[in-house]
Structure formats: C-alpha cells, structure tokens
Amino acid sequence: MTLPSATRQAPPQPNYTRVALILLTLACGLGLLKSALPSGFVRPPEWLILPFADWINGFFKFLREDLGLLTLTRAFADALQWLLDVTANLLYGKARWPRIGPIPWTVIAISAAAIGYALKGWRLAALCGGTFVWIALMGQWKWAMETLSVIVVATPFSVGLGLALGILAWRSPRFEQVLNPVLNIAQSLPHFAYMIPVVVFIGVGPKAGAIVTIIFSVPPMIRMTLLGMKKVPPEVIESGKMSGATPWQLLRAVRLPTARTELLIGVNQVIMQCLAMVVLASFIGMPGLGQKLLQLLQALKIGLSVEIGLTIVLLAIMLDRASKAWAVRQPEHHAPGSSWVWRHRVLVIWAVLVTVAFGLAQVVPYLHIVQRSQAFSIAGPIDALMDQFIRMIAPVTAWLRWFLIVWVLVPLRDAFLWMPFTAVLTLLAAAGWAVGGVRSALICLGFFGAIAMSGWWDRAMITVYMVCISVILAALIGFPLGIWAARRAARAQRLLLLCDTAQTFPSFIYLIPVIMLFGVNDVAVVAAVVVFAAVPLVRYTIEGLRGVPSELVEAADMSGATARQVLWHVRLPMALPTIMVGLNQSVMFSLFMVIIAAFIGTQDLGQEMQRALSSSDVGKGLVLGFAVAFMGLMVDHLLMQWSAARKKALGL
Amino acid sequence: MPGELCHLGEDRVATETLIACRNVWKIFGARPEQHLAALSDTGGTGMPGHVVAVRDVTLDIARGEMLVVMGLSGSGKSTLVRCLSRLIEVTAGTINIGGADLGAMSETQLIALRRQKMGMVFQSFGLLPNRSVLDNVAFPLEMRGQDRATRHARAREMLDLVSLQGREDYFPRELSGGQQQRVGIARSLAVEPEIWFLDEPFSALDPLIRREMQDEFLRLKGLLGKTIVFITHDFDEALRLADRIAIMKDGAIEQCDTPDRIVMHPATEYVAKFTSAIDRARVIRAGSLAEPGLANSLEGGAVCGQHTIRSLARQLVNDTRDIIPVTNPDGVLLGGMNRQAALDVLLGEGA
Ligand SMILES: Nc1ncnc2c1ncn2[C@@H]1O[C@H](COP(=O)(O)OP(=O)(O)O)[C@@H](O)[C@H]1O
Ligand SMILES: [Mg+2]
C-alpha cells in the first residue's frame with residue numbers, strides 16, 4: 001500500500017553516510033584494538049592537556065587586582081545590599097532602614113490576591129492569595145520572604161540589563177553576531193559555573209546570591225527583547241515615522257509598547273530563572289527556602305522538606321501564572337459614563353481590605369506574624385504516611401536499585417570509561433559527518449577535543465554516561481506517554497498543562513521524591529534526572545504529533561491506513577523534527593540536573609564543581625562549567641542540524 | 001453623483017507643481033548603486049539578487065490634485081510612495097516637495113516636514129495596539145509636543161469627521177476593519193497635512209465596507225482639498241476617485257494621464273490590456289467626446305462635460321438630436337457630441 005509519500009520523499013540532499021560509515025568503522029577499530037594502542041590514544045596524553053584553569057585564574061587575578069574591578073563590583077554589591085535590606089525590612093522585618101516592617105502577612109496576601117484578580121480573575125486571585133496564606137500558616141514566612149526579596153530586587157535589574165543589551169543588539173547587527181554565541185554558551189553553562197566567579201568577587205551571602213541570580217537570568221530577557229523588536233510590524237513603525245516621531249520617540253512610544261507581549265514573556269522567564277537560581281544559591285550561603293530545603297534534605301527530614309518543596313512549587317506556579325497573565329493581558333475600555341470608583345474598583349476594594357487588615361494586625365498579632373510555635377505542620381502525618389508507603393514498596397525499590405546498579409549503571413559506566421578517547425572522538429566525528437558533513441564533524445571534534453584537553457576526561461565521561469542513561473530512560477517513559485496522550489485532544493491538553501507546570505519548578509524540587517524513595521545514591525540521581533528530562537520529551541512529542549496537518553492524516557485515512565500505520569508512516573515522521581527539539585531540551589535539562597544532583601554524591605564533573613565552589617577556585621570551576629556547556633552545545637548542534645535538514649526535506 | 005463629480009477639474013493642469021520626481025530609482029539588494037550602474041552600462045540584466053522596485057520614474061503632482069497609482073501587486077506602488085515620503089531612501093534621482101529637495105533634508109527637517117505637511121494611511125492600518133482610539137489619533141500631535149487637552153480636542157474633532165464618535169476609549173483590536181481604517185484616516189488628518197498618501201487603504205476590507213469607505217473618502221476629499229497620492233490595484237476604485245491615474249509595471253510608470261485618456265488612448269500594449277476589461281462608459285466623459293467643429297448649429301439643453309457617458313445614459317437614449325451640445329462646469333460651450341458615438345461607448349462598439 002502506498003501512503004502519502006510526500007512525507008518520505010526528500011529532495012536530493014548531500015549524502016554524508018559514506019564518510020560517516022568509514023569514521024564509524026575507524027572508531028570501532030580503535031575500540032577493539034584498545035590493548036594494542038599506545039597509551040596516548042587511550043587517554044589524553046600529558047602534553048595535550050592545557051592549563052586552562054591557570055590561565056583563567058590569571059585572568060581573574062588581573063581583573064581583580066590590576067583593573068581594580070574588585071572595588072567596582074563591591075560598590076555595586078553594596079548598593080544591592082542596601083536594596084536587599086529595604087525589601088528584607090518590609091517583607092520580614094529585618095532591622096534595617098526604613099524600619100517599618102514587617103508588613104503583616106495578611107496585607108501581603110490580600111495584595112497578592114488583588115493583583116491576581118486584576119490580572120486574570122478569581123482563580124488567579126485564589127492562587128496568589130492562597131500561596132501567601134499557606135506560607136504564613138505553615139510558619140515559613142521568613143524563609144519564603146528571604147527568597148522572595150532577592151527575586152524582587154534581582155528581577156528589575158535583570159530586566160533592565162536584558163532590555164538594554166537586547167536593544168543594543170537589535171540596533172547593531174555586529175553586536176548581535178558577537179552576543180549570540182555568548183548567549184548560547186551562557187544558557188548552557190550549569191548554575192554552579194556562575195556562582196564561582198561571583199564568590200571570588202563578592203564572597204558568599206545574600207548579595208552574592210542576588211548577583212548570581214541577576215547574571216543568570218539576563219540571557220532570556222536579551223533574547224526576548226531582540227525577538228520583540230524584530231517582530232514589530234513594519235507598517236506600525238512607518239506610521240510612527242509618518243507621525244513625525246524622532247528615533248527616541250519611536251523607540252519609547254512605538255516599538256517598545258508594540259513589543260509588549262514578547263517583553264513581558266521575557267520578564268516571565270527572568271522571574272522563573274531567578275527563582276531557580278535563588279533556590280540553588282543556598283550553596284553560596286543564600287538564606288531562604290533553598291537553604292532550608294538543602295539542610296532538611298541532607299538530614300533526610302522528608303516530611304519537612306515536602307512542606308518546603310510544596311511552598312517552592314506554589315511560589316513557582318503563582319509567579320509563572322501571574323506574570324504570564326500579565327503578558328497576555330489586553331487593554332480594555334471602560335463602559336462610557338462609568339464612575340471613577342467603578343473603574344478602579346479593584347484598587348478601592350484592595351485599599352479598604354488592606355486598611356482593615358492593618359488595623360486587625362495591630363490587635364491580633366497572629367494576623368501580623370505567625371510564630372513558628374503557632375504554625376501548622378503536616379510533616380508528622382507525611383512522615384508517617386511516607387514511612388508506610390516506603391516500607392510497602394521497599395521490595396520494589398530495593399530490587400530496582402539493585403538491578404539498576406548491578407546490571408545497568410555500573411556496566412555502562414565501566415563501558416564509557418573503558419573507551420579510548422580517540423575512539424570517542426572519532427565516533428562523534430562520524431555522527432557529525434552523518435548529520436552535516438565536514439563542518440559538523442569539526443564542530444563536534446572541537447567541543448569534545450576541548451574537553452579532552454581540559455584534563456577532566458574521566459569525570460566528563462561519567463557525566464556523559466549519566467546523561468545518556470537518563471535520557472534513554474526518559475525517552476522510554478516520555479515517548480510512549482506522549483504518543484498515548486496525543487491520541488485525544490482533551491488528554492493532550494491536560495498533560496501539556498501538567499508539563500508546563502512541571503517545567504516551572506526549580507530543578508531542586510525533583511530531588512525530594514527520589515531521595516525519599518531511593519535514598520542518597522546514584523540511582524536517586526538518575527531517577528531525578530529521568531523525571532526532569534522526561535517532561536520536555538512528553539511535551540514536544542504531544543505538540544509534534546498534534547501539530548501534524550490534518551489533511552495529511554485524512555489523506556492517509558482515505559487510502560485505508562490503520563491507526564498504527566498512520567502513526568508510523570505519517571504522524572511520527574512529520575512530528576520527528578519537533579520531537580528532536582524536545583530531545584535536545586531533555587539533554588540540556590539532564591546535564592543541568594546531573595550537575596546539581598552532584599551533592600547527593602556522584603563522581604562526575606558536578607562533584608568537582610562543588611569542590612571548586614567550596615574552595616573558590618574560579619579557574620577549575622569555569623573549566624568544568626565550559627566542559628558541561630560544550631557537551632550541551634555539541635548535542636544541540638547535532639540535533640538541531642538534523643532537525644533542520646529533516647524539516648527542509650519534509651517541506652515544513 | 002453627476003453634481004458631485006462636476007466640480008472636479010481637468011483644468012488644473014496649469015496649477016503649481018507640489019511634488020516633482022526626476023528619474024527616481026529604487027533598487028533593493030546588497031549593492032544597489034553597482035546594480036544600477038550595471039543596468040545602465042550594458043543595458044543588460046545587472047547583478048543577481050537585486051530587485052528594481054522603482055524604475056526611472058519622472059512624475060509631477062500638482063497642488064490639490066488627486067493622483068491614483070495603479071498596478072499589479074509587486075509593481076512598485078508602495079515603494080514609490082515610500083520614496084515620496086522618504087520612509088525609504090531612493091537609489092538615484094531627486095524628489096522635490098514644494099521646492100525643497102527631499103533627499104537633501106536633515107533628519108530634523110524631515111521630521112518637521114512629516115509633522116506639518118504629510119499624512120499617510122496604511123493598508124493594514126498601522127495602529128498602535130496599546131493605545132486607545134483617541135490616543136492613536138492624537139499620536140502625531142503628541143509627537144509634536146502638544147499638550148494633552150489640545151490634542152485630545154483635535155482628535156475628537158477628527159473622530160467626528162470620520163463618524164467614530166463614541167468609540168474614543170476603544171482599543172484597535174475591539175474595532176472592525178473598516179472602523180480601524182477610519183482611525184487610520186483620522187490620525188493621518190490630525191495634523192492637517194498638505195499631502196496625503198494612502199497606500200491601498202481599502203484593500204484589506206471586504207467589498208461592501210470598501211464601497212462605503214470610498215464614499216466616505218470622496219466626501220472627505222471634497223471637504224479638504226488636499227494633494228492626494230492614492231494607491232490601489234483595483235481599477236474601479238481608481239476610476240471612482242482619480243483626477244489622474246499612473247499605471248505602473250515592473251517599477252516603471254507606463255502611462256500617467258486622466259482616466260478617459262488612459263482608456264481611449266492607451267500609451268502601451270500593457271495599458272491597453274490593463275484597461276480592456278472595464279466598462280468604458282463609466283470612464284469616458286462627455287467633454288472628451290465633444291468636437292468643437294460640430295458646435296455651430298447647436299441649440300437646446302446642454303450636458304456638463306464632466307459627466308461620464310454612463311451617468312448620461314438615460315438622457316442619451318431619450319434625446320432625439322444627433323448632436324448634443326456639451327459645456328464645461330461654468331457653462332461655456334465646449335462643442336457638440338455625436339449621440340451615436342456616445343451610444344456606441346455606452347453599449348459597446350458592436351451595438
Ligand atoms: N524591503 C524590501 N526588500 C527587498 N525587496 C523589496 C522590499 N520591499 C519591496 N520589495 C520588492 O520590490 C517590489 C515592489 O514592491 P512593492 O512596492 O511593495 O509593490 P506593490 O506595492 O506594488 O505591491 C516587489 O518585487 C517586492 O518584492
Ligand atoms: Mg503595496
């Protein structure tokens with residue numbers, strides 16, 4: 001039977017398979033002849049390893065001491081500290097200027113609900129208000145406010161910085177050309193790589209946490225600014241020019257307002273990045289929810305960490321929903337003749353309620369601050385429940401742990417470590433060649449060659465093995481789940497919403513359930529990474545499958561294809577480029593997660609990075625960070641190249 | 001309809017030139033100058049990857065005239081009008097507006113010119129989505145630095161003019177296409193421009209609304225007496241509105257003339273083909289059929305030379321004279337019109 005062969009027939013393309021096959025054979029040969037190879041072929045020889053770390057350290061020393069950058073950064077940090085102190089005083093009553101805080105929790109909860117209502121209505125109001133009520137009643141107010149105060153201070157800085165850089169890049173294509181690769185690397189550097197230089201310049205503590213948060217969350221804002229500026233319709237700009245706008249007026253009154261949605265999506269991404277980072281910044285002494293969670297996890301206090309985890313999740317969902325609602329909100333006119341009070345009814349009601357809340361808080365201290373002793377806790381019941389649950393499934397998890405460690409993880413790790421590095425490089429070159437010819441082969445070689453020269457080959461291979469096994473397991477789960485969900489529109493919708501929500505959670509959260517189930521070991525790491533990495537796979541599988549043009553499916557149906565045939569011959573081939581985007585994200589996520597999970601105990605780059613962090617070794621930290629970034633960038637190049645070629649072949 | 005058309009004149013030819021284009025070229029591509037040089041050197045094809053959007057256009061537009069620019073899509077109409085407003089820079093040639101060289105103006109002069117003398121209406125409206133209707137219309141005034149009360153008063157006036165009163169607080173996305181274009185028109189008129197550019201203002205609207213907007217436009221045009229450059233690819237629209245029509249093909253102006261001369265004496269094959277499908281009776285006016293030689297023996301009621309043959313149809317059929325006198329709008333005798341010739345135009349040559 002012939003199916004719409006448009007999906008399979010590709011326009012003639014350069015065929016790279018021959019060279020790729022030769023390279024593949026060569027790689028296998030190198031592997032098989034390992035024992036006969038000189039040792040310089042098995043592991044990078046001494047002379048190949050360059051002292052990148054020393055160079056970086058030298059460079060940073062130059063920056064700090066000779067350029068006097070240290071005074072500059074310290075001055076900036078002091079200004080930031082002042083802002084942090086103000087918000088800290090307002091939010092949780094730290095004894096600093098202006099000494100009027102803390103604002104009663106009831107007032108903040110009412111304000112959040114009012115903002116939620118103004119942005120999107122009752123449900124968002126309930127989410128926003130409810131989150132703060134939960135935080136207060138659970139006695140986590142101070143920690144949550146410590147976290148929130150950093151976000152409140154860092155977001156405007158990141159947004160401003162991103163906006164400025166984005167506009168610069170839009171005005172000067174040359175700057176954009178320079179900025180693009182920098183952003184690519186910046187967005188694939190693991191979180192810890194940002195922390196180490198900041199620790200060197202600022203030290204540890206809240207202001208270091210705030211600065212690392214700012215730096216980390218700028219790139220998406222730059223990207224969205226650039227996108228927004230480019231998307232303003234030419235006729236809108238022309239109409240601005242014909243109205244006699246000067247270039248500055250054009251930017252302020254025409255371009256920026258018209259790019260509003262993209263800019264606000266940028267703000268949303270900044271906020272979510274801030275939250276992810278501020279939780280992790282607990283590693284460099286940032287107090288707040290992250291630090292509490294870290295301590296509780298290390299002490300294996302499951303019930304209490306679940307409480308904190310829930311708070312972080314609620315905060316994440318609330319911040320995400322509210323900022324997205326703001327982004328898509330369209331202005332609306334008021335009914336003619338409506339009074340001032342009616343037009344500003346949310347404001348008026350808010351003012352009334354807040355006044356009442358202030359008054360009540362003076363009389364009833366509980367409405368002002370909930371003391372730890374007055375707080376609810378669900379840790380006891382959770383612990384009891386979990387104990388039972390864990391005891392119940394213990395045989396399963398124990399068996400799974402044993403099976404994974406003995407039959408999967410250890411053999412795979414040994415296999416990755418066994419491979420001669422020359423064989424790995426040749427293999428990657430073969431993959432590159434197969435996808436994009438000599439250019440891609442050289443790019444792959446370049447990225448992994450640099451890793452070989454960094455001197456961290458064995459550690460890098462362990463990271464690679466963890467990522468590989470996690471992504472494969474994630475694909476085994478995510479792929480069928482996505483296919484199953486894509487079969488019904490409603491089901492797909494629900495799962496997509498779930499994935500969207502799950503993607504807003506800071507990565508740290510994923511460690512709670514796995515530690516609960518598996519304890520502290522490699523299996524827990526892999527499990528956390530698998531869950532984290534499966535989310536984008538599910539999401540893009542659903543989106544890819546649902547996005548197949550319905551005429552194609554109908555044509556296949558009309559030619560009498562069974563549902564299975566339609567799936568295999570029409571839907572999947574058409575959806576594959578989109579699915580590859582998901583796979584790419586999945587690899588990125590797992591790289592980040594493997595590095596973060598290092599503190600539960602792995603022997604990969606992440607562990608070394610944590611050591612570099614605790615000894616403030618910038619050179620080492622950045623070398624490790626770049627090694628991770630290069631892995632991500634190489635995979636990104638391979639998958640995107642392949643997906644683009646595929647899309648072209650399919651005429652998408 | 002006849003009464004309305006009768007005060008529009010062919011007799012403007014003698015008035016002062018407001019916009020003068022001399023050998024204007026616009027070439028899109030990486031190296032437009034080289035491309036132009038290559039074109040003129042060899043008379044050949046020039047360099048690959050370049051598009052000649054405007055080709056050697058020389059054109060005079062008189063003050064108070066309404067020029068309609070026509071052509072298939074991609075023929076360079078929009079590019080030409082964007083050259084006239086210097087939204088894009090010309091590759092070669094000069095454009096004079098009211099005696100000043102547009103290309104030589106500084107940024108400040110250009111902004112001043114746009115703030116005082118020019119208005120433009122766009123095909124997809126080009127409204128600012130985040131501003132209310134009132135603020136959109138007041139936008140050019142805001143750019144000029146007028147205070148809020150004055151510019152809002154003026155904007156309200158403009159909204160009255162285009163019959164949008166009561167919609168001041170709406171946002172563009174809450175309006176229909178026709179209403180949005182009315183806002184665009186009101187905005188372009190807010191600064192009382194001398195020159196009014198309209199780039200396919202009604203193409204995005206559906207036929208019924210388009211018709212309504214054309215009537216509205218004719219009303220405004222009669223009211224305001226501006227110099228207008230109007231782009232359309234719809235010949236009917238051009239005929240309804242134009243004093244003169246410029247027909248473009250591949251960036252060059254094939255012919256620029258009054259509607260009836262374009263129909264009766266097409267300059268090129270292309271123009272002839274372009275106009276072949278239209279109803280000539282709607283274009284040809286009695287004046288262009290009048291022959292002074294036939295005028296000596298005339299008596300009885302005369303017709304106005306500005307009227308189209310179509311609008312005189314009833315009279316032509318009922319009249320029994322062989323020769324009908326034709327006068328200009330002021331009542332001066334132009335000549336006599338052969339009734340049979342007029343009926344031929346009305347019913348088609350074969351009748
Ligand atoms: N910014 C541009 N860059 C390159 N080519 C353009 C640009 N704008 C218009 N063109 C080309 O110039 C020609 C004339 O376009 P345009 O003036 O928009 O035609 P019209 O308005 O008559 O439909 C077309 O071939 C179009 O593709
Ligand atoms: Mg056009």
Side-chain angles (χ1 to χ4, degrees), chain A residues 118-119 163 171 173-174 177 224-225 227-267 325-340 342-345, chain B residues 78 81-82 84-88 107-108 110-145 165-175 183-184 187-188 190-191 193 195-197 199-200 204:
Chain A
L119 286 176
L163 205 60
R171 290 196 47 134
R174 194 168 306 155
Q177 272 178 5
M224 290 313 290
T225 305
L227 181 71
M229 297 303 278
K230 284 182 178 167
K231 257 179 68 178
V232 179
E235 286 210 339
V236 172
I237 294 164
E238 286 180 336
S239 76
K241 283 189 183 159
M242 286 309 287
S243 302
T246 60
W248 166 245
Q249 284 175 321
L250 207 58
L251 180 66
R252 185 186 53 80
V254 177
R255 294 187 201 268
L256 288 178
T258 311
R260 176 184 183 277
T261 307
E262 281 78 23
L263 296 181
L264 289 181
I265 294 287
V267 172
W326 188 28
V328 300
R329 208 172 113 83
Q330 300 274 6
E332 255 173 65
H333 68 273
H334 299 284
S338 51
S339 65
W340 189 93
W342 178 249
R343 285 180 183 208
H344 300 90
R345 55 192 181 281
Chain B
S78 301
V81 87
R82 278 165 177 72
L84 294 182
S85 54
R86 214 177 133 187
L87 281 172
I88 52 181
E107 170 109 13
T108 333
L110 186 65
I111 288 176
L113 178 75
R114 289 185 183 145
R115 285 182 180 177
Q116 271 131 37
K117 295 212 173 137
M118 285 181 175
M120 185 152 169
V121 181
F122 298 88
Q123 179 174 1
S124 44
F125 322 135
L127 300 179
L128 299 172
N130 59 310
R131 287 175 176 247
S132 68
V133 165
L134 192 68
D135 281 327
N136 259 294
V137 176
F139 186 70
L141 307 170
E142 184 182 333
M143 295 298 102
R144 286 210 284 205
Q165 49 276 70
R167 293 277 190 272
E168 291 88 349
D169 292 333
Y170 282 54
F171 287 88
R173 74 188 159 83
E174 298 174 308
L175 299 179
V183 178
R187 175 179 64 184
S188 70
V191 294
I195 308 168
W196 199 14
F197 298 111
D199 185 358
E200 305 203 21

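Small disclaimer: the values here were computed from a predicted structure and weren't measured. In what follows, every chain begins at residue 1, and chains take the letters A, B, ... in the order their sequences are listed.
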Relative to chain A, which segment of [X] carries a heavy atom at a distance below 4.5 Å: side chain, backbone, both, or neither?
X       : result
F125(B) : backbone
R131(B) : side chain
L127(B) : backbone
S132(B) : neither
R82(B)  : side chain

Atom pair OG (S243(A)) and CZ (R144(B)), whose distance is rounded to the nearest 0.5 Å: 10.5 Å

How many angstroms lie between atom CD of E332(A) and atom OH of Y170(B), to the nearest 0.5 angstrom? 11.0 Å

May I ask you to test the P247(A)-E107(B) pair for a side-chain heavy-atom distance under 4.5 Å? yes

Does the side chain of P129(B) reach to within under 4.5 Å of the side chain of R260(A), using non-hydrogen atoms?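 They are not in contact (no side-chain heavy atoms under 4.5 Å apart), so the answer is no.
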
Using every non-hydrogen atom in the two residues, find where [X] and [Y] come nearest and quote the distance to one decimal.
X       : Y       : answer
S239(A) : R187(B) : CB-NH2, 3.2 Å
R114(B) : K241(A) : CD-O, 3.1 Å
A245(A) : I111(B) : O-CD1, 4.0 Å

With a cut-off of 6.0 Å (strictly less than), are more than 12 heavy atoms of other residues, nucleotides or ligands near CZ of R173(B)? yes

Please assess E168(B) against H333(A) for the test side-chain contact (heavy atoms from CB on, under 4.5 Å), listing each intermediate value before the final yes or no. CA-CA 9 Å; E168(B) 291 88 349; H333(A) 68 273; over 6 Å; no

Trace of the side-chain contact (heavy atoms from CB on, under 4.5 Å) decision for M143(B) with L250(A): CA-CA 9 Å; M143(B) 295 298 102; L250(A) 207 58; over 6 Å; no

Please list, chain by chain and in numerical order, all residues satisfying ring-ring contact (aromatic ring centres under 6.0 Å, His included) with W326(A), sequence neighbours excluded. none

Sequence-distant partners of F171(B), ring-ring contact (aromatic ring centres under 6.0 Å, His included), two or more places apart: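 In terms of ring-ring contact (aromatic ring centres under 6.0 Å, His included), with neighbours along the sequence ignored, F171(B) is linked to no residue.
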
Greatest number of heavy atom pairs closer than 4.5 Å to chain A - which of Q123(B), Q116(B), R86(B): Q123(B)

What option among T108(B), L87(B), D169(B) has the most heavy-atom pairs under 4.5 Å with chain A? L87(B)

Taking side chain as everything from C-beta outward and backbone as N, CA, C, O, which of these in P331(A) sits under 4.5 Å from a heavy atom of chain B? Side chain, backbone, both or neither.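 Interface part for P331(A): both.
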
Is it the backbone or the side chain of P257(A) that comes under 4.5 Å from a heavy atom of chain B, or both, or neither?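 Both the backbone and the side chain of P257(A) come within 4.5 Å of chain B.
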
If only atom types and distance count, is the side chain of E235(A) paired as donor or acceptor with the main-chain N or O of F122(B) below 3.5 Å?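 Checked: no pair found.
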
